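Below: one structure, written as structure tokens.
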Amino acid sequence: TNVEIGWKPFDNCSLPVIDGVIYADTYLTEFVGNMSSYNVKDGTQVIGMYAFGEEGNTSVVTVNLPNTIVRIEQGAFYDCSALTSVNIPNGVKVIESVAFYNTAIKNVVLPESLIDLDNAFASSAIESIVFPNSLTQIPGQVCYFCKNLTSVTLGDKVTHIYGGAFSGCSKLTTITLPKTITHIYISALDASNLNMIYCKATVPPAVYYFKNNYGTVFECFNVNSNLKIYVPRSAYGEYTKYTASTNGQTPIIENWYHY
């Protein structure tokens, strides 16, 4: 059983510093070295809160994680602005908030073992991200303000995309929503250059835009005039019949297509 034990739980303990790193058994508590590449020791299960990122490390470029890692805690690599490469091995179950905030990682493939993800990649340099089929919910602000993000692959069991998930991703032009999608929350797809949405759901997902209010898919987004929305032929009528919402916006009916 893995227990979350909080930020810097071993600060008052006399733990040895080995090659610039402090371990407490299977818990990597702090990286205090200045090396550009580091291999986390085999048997480590947890990368602790702000272990690499408390001071905004600018030296570490590559970190290799062993297959024993199950949890990457809050801010583990926070503001490690030179970090371009971290493998996330199959076996990782939890990645907490801002774990990779403002890192230089470009391509992320999340493992099928992952069951709990927070807004881990906000303001990072990622260009592509692949979500596993093990996740049914895409967390709010998971890729918030990732200005280089061009490719998003959602798992085929996703039901919810929460607020701001891809907000501010100005290079994101296309996204495909799986058949299972049922709810999209405020600003989840607020990417200014998004011009193509493929939605495979035969039942239009609800879109939440104000507290305690919800509409039907895409009607409440401030979408650009080039946006084209492709939906299943059998559901085309359901998607296009909604013409107004309580906030006074209407969908761009002429830009709906079916396949």
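Everything quoted here is computed from the prediction, not taken from an experiment.
Checking side-chain atoms of N87 against main-chain N and O of L65 turns up a donor-acceptor pair under 3.5 Å. The main-chain N or O of Q74 is found under 3.5 Å from a side-chain atom of E96 such that the two form a donor-acceptor pair. Counting only distance, with no hydrogens or angles, the side chain of S113 and the backbone of G91 share a donor-acceptor pair below 3.5 Å. A side-chain donor-acceptor contact under 3.5 Å links S134 to the backbone of L114. Proximity of a side-chain donor or acceptor of S187 to a complementary backbone N or O of S167 within less than 3.5 Å is not detected.
Put simply, the residue from V60, T58, T103 that forms a side chain to side chain contact (heavy atoms under 4.5 Å, CB included) with S81 is T58. When each of Y78, F100, F166 is tested with F121 by the rule ring pair (Phe, Tyr, Trp, His ring centres under 6.0 Å), just one qualifies, namely F100.
The shortest distance between side-chain heavy atoms of L83 and T62 does not fall below 4.5 Å. Residues L194 and L189 meet the side-chain proximity criterion, which asks for heavy atoms closer than 4.5 Å. A heavy-atom distance below 4.5 Å is not found between the side chains of I126 and N148. Contact check for I138 versus L117: no side-chain heavy atoms found under the 4.5 Å cut-off. Considering only heavy atoms from C-beta on, S128 stays 4.5 Å or farther from T150 through its side chain. Taking the side chain as every heavy atom from C-beta outward, F131 and V142 approach each other to under 4.5 Å.
Contacts classified as salt bridge (Lys or Arg N to Asp or Glu O under 4.0 Å) and involving residues 122-151 (residues at least two apart or in different chains) are given here: K106-E127.
In this structure, a donor-acceptor pair under 3.5 Å is absent between the side chains of Q45 and Y27. When only modelled atom types and interatomic distance are considered, S59 and N34 share no side-chain donor-acceptor pair under 3.5 Å.
In this structure, F145 belongs to a hydrophobic cluster whose other members, linked by side-chain heavy atoms under 4.5 Å apart, are Y144.
Cluster membership for V40 and M35, using ILVMFWY side-chain heavy atoms within less than 4.5 angstrom, is shared. Under the 4.5 Å side-chain heavy-atom criterion for Ile, Leu, Val, Met, Phe, Trp and Tyr, V94 and M49 are members of distinct hydrophobic clusters.
Taking every heavy atom of both residues into account, E73 and G48 meet most closely at OE1-CA, 3.5 Å. In this structure, V32 and V17 approach most closely via the heavy-atom pair CG2-CG1, 3.8 Å. Across all their heavy atoms, C80 and F52 have their closest contact at SG-O, 3.6 Å.
A tilted orientation is assigned to the rings of Y23 and Y38, their planes being inclined by 30° to 60°.
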